[in-house]
Amino acid sequence: MVAASVQNDEAIQLIKQQCEVNGIQFKHVVTQSEAFGIHCAYSQFKNLGVDRWLAVLGARMWTQSPVAILDLGTAATCDIIVDNQHLGGWIAPGFQLMRSAVISNTSKVFANQMTPLNIGLGKDTPECVNLGGLAMLQGFFYSAKNLISSYASEYEIFLCGGDSVMLSELLADNVTMKPDLVLEGLSRFIPH
Ligand SMILES: Nc1ncnc2c1ncn2[C@@H]1O[C@H](COP(=O)(O)OP(=O)(O)O)[C@@H](O)[C@H]1O
Ligand SMILES: CC(C)(COP(=O)(O)O)[C@@H](O)C(=O)NCCC(=O)O
């Protein structure tokens with residue numbers, strides 16, 4: 001059994017105990033300064049979320065080109081890898097966080113629970129909030145694209161996380177959905 005958790009060491013301990021009771025080999029995967037020849041950008045490497053680290057390791061199973069990983073979940077994160085080096089990344093609010101932040105810090109802005117899929121201009125308050133959030137995510141994407149394309153003309157952008165569907169209209173030959181990157185990275189630690 002291999003397991004990793006970005007926030008819940010209690011869950012890891014429970015799984016570990018169950019493995020011990022049942023005689024199952026257990027490995028707790030954490031962020032390292034280097035794994036499979038890939039180097040972490042953080043000097044304080046333990047501070048990099050293990051989900052981000054596993055996505056980095058997973059991305060290198062798909063391509064050796066420069067790659068930007070955009071994980072659009074609770075937070076929106078970007079991680080860039082060139083050759084065998086993780087160069088670093090960004091952490092920003094995800095779509096739901098942006099939406100709740102704008103509502104809770106204003107008095108007349110309200111929202112609905114819709115998920116916008118195509119960019120456009122809102123004609124009422126909730127639509128403006130939703131499309132504003134989508135525009136922010138698209139801006140995150142274009143900033144990553146701008147940066148990664150400065151390293152090489154051939155590059156890849158991988159999208160994952162629950163809100164990656166919101167960037168569907170930006171998919172292209174080198175912009176692809178890779179929903180399982182974190183688990184693919186984790187799978188590299190399965191003993192053969
Ligand atoms: N069926 C779903 N259940 C929960 N969240 C969903 C679902 N479909 C899309 N989402 C979106 O996915 C986001 C959570 O993404 P996820 O990658 O699971 O988060 P995290 O990175 O925190 O694990 C939520 O902001 C939500 O908007
Ligand atoms: C940035 C994150 C919250 C993203 O998690 P997510 O929203 O995908 O659940 C997570 O990777 C984390 O807690 N990271 C620790 C800080 C860092 O990576 O620098």
Side-chain angles (χ1 to χ4, degrees), residues 2-12 15 28-35 38-60 62 67-81 85-104 109-119 122 126-141 143-144 147 157-171 175-189:
V2 290
S5 172
V6 74
Q7 57 183 14
N8 197 341
D9 271 346
E10 254 173 53
I12 292 286
I15 296 168
H28 178 196
V29 177
V30 294
T31 306
Q32 296 161 285
S33 63
E34 182 270 337
I38 302 162
H39 298 267
C40 177
Y42 280 25
S43 55
Q44 304 290 313
F45 61 88
K46 289 182 182 162
N47 288 345
L48 181 79
V50 70
D51 54 340
R52 294 174 61 195
W53 179 237
L54 293 175
V56 164
L57 300 181
R60 270 288 173 260
W62 289 95
V67 59
I69 303 158
L70 300 187
D71 188 340
L72 307 179
T74 307
T77 60
C78 168
D79 283 282
I80 302 264
I81 324 163
Q85 183 65 49
H86 167 236
L87 295 182
W90 302 322
I91 302 172
F95 179 72
Q96 304 286 357
L97 280 181
M98 284 193 271
R99 189 156 60 182
S100 54
V102 79
I103 300 165
S104 43
V109 181
F110 58 100
N112 59 26
Q113 289 303 310
M114 308 276 279
T115 302
L117 298 176
N118 301 101
I119 199 67
E127 207 180 17
C128 284
V129 171
N130 287 336
L131 290 170
L134 177 57
M136 296 291 275
L137 289 186
Q138 289 200 352
F140 197 68
F141 171 92
S143 295
L147 203 147
I157 300 180
F158 291 163
L159 305 178
C160 59
D163 285 329
S164 53
V165 64
M166 291 176 65
L167 295 191
S168 294
E169 68 178 351
L170 306 183
L171 292 176
V175 181
T176 47
M177 295 285 186
K178 292 277 185 282
D180 300 324
L181 276 189
V182 175
L183 291 177
E184 285 157 0
L186 188 62
S187 75
R188 298 186 75 167
F189 291 90

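First listed ligand is number 1; within each ligand, the first listed atom is number 1. The basis for the numbers below is simple: all heavy atoms, side chains too, and nothing from hydrogens, waters or symmetry mates.
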Sub-4.5 Å side-chain heavy-atom contact between [X] and [Y]:
X	Y	value
Phe158	Thr176	yes
Ile119	Glu169	yes
Met136	Phe140	no

- side chain to side chain donor-acceptor pair (under 3.5 Å) against Ser143, all qualifying residues, sequence neighbours excluded: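 Checked Ser143 against side chain to side chain donor-acceptor pair (under 3.5 Å); zero matches.
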- Kindly assign one of parallel, tilted or perpendicular to the pair His86 and Trp53, based on the angle between their ring planes and the thresholds 30° and 60°.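 Answer is perpendicular, since the angle exceeds 60°.
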- Task: Mind jotting down which protein residues get a heavy-atom contact under 4.0 Å with ligand 1? Chain and number order, please.
- Result: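 Protein residues near ligand 1 are Gly73, Thr74, Gln96, Gly161, Gly162, Asp163.
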- To the nearest 0.5 Å, what is the distance between CG (Leu72) and CG (Leu167)?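 Between atom CG of Leu72 and atom CG of Leu167 there are 5.5 Å.
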- Item | Thr31 OG1 to Leu54 CG distance, which is reported to the nearest 0.5 Å |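 The OG1 atom of Thr31 sits 7.0 Å away from the CG atom of Leu54.
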- Message: Please output the residues near ligand 2 using a strict heavy-atom distance under 4.0 Å, listed in chain and residue-number order.
- Response: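 Close residues (ligand 2, cut-off 4.0 Å): Val6, Tyr42, Asn47, Leu48, Gly49, Asp51, Arg52, Thr74, Ala75, Thr77, Ile91.
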- Message: So which atom in Leu131 and which in Pro116 form the shortest heavy-atom distance, rounded to 0.1 Å?
- Response: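 Distance-wise, the nearest heavy atoms are CD2-CB, 3.9 Å.
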- By salt bridge (charged side-chain N to carboxylate O under 4.0 Å, His left out) - contacts of Asp51 (at least two apart):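 For Asp51, no residue satisfies salt bridge (charged side-chain N to carboxylate O under 4.0 Å, His left out) once neighbours in sequence are set aside.
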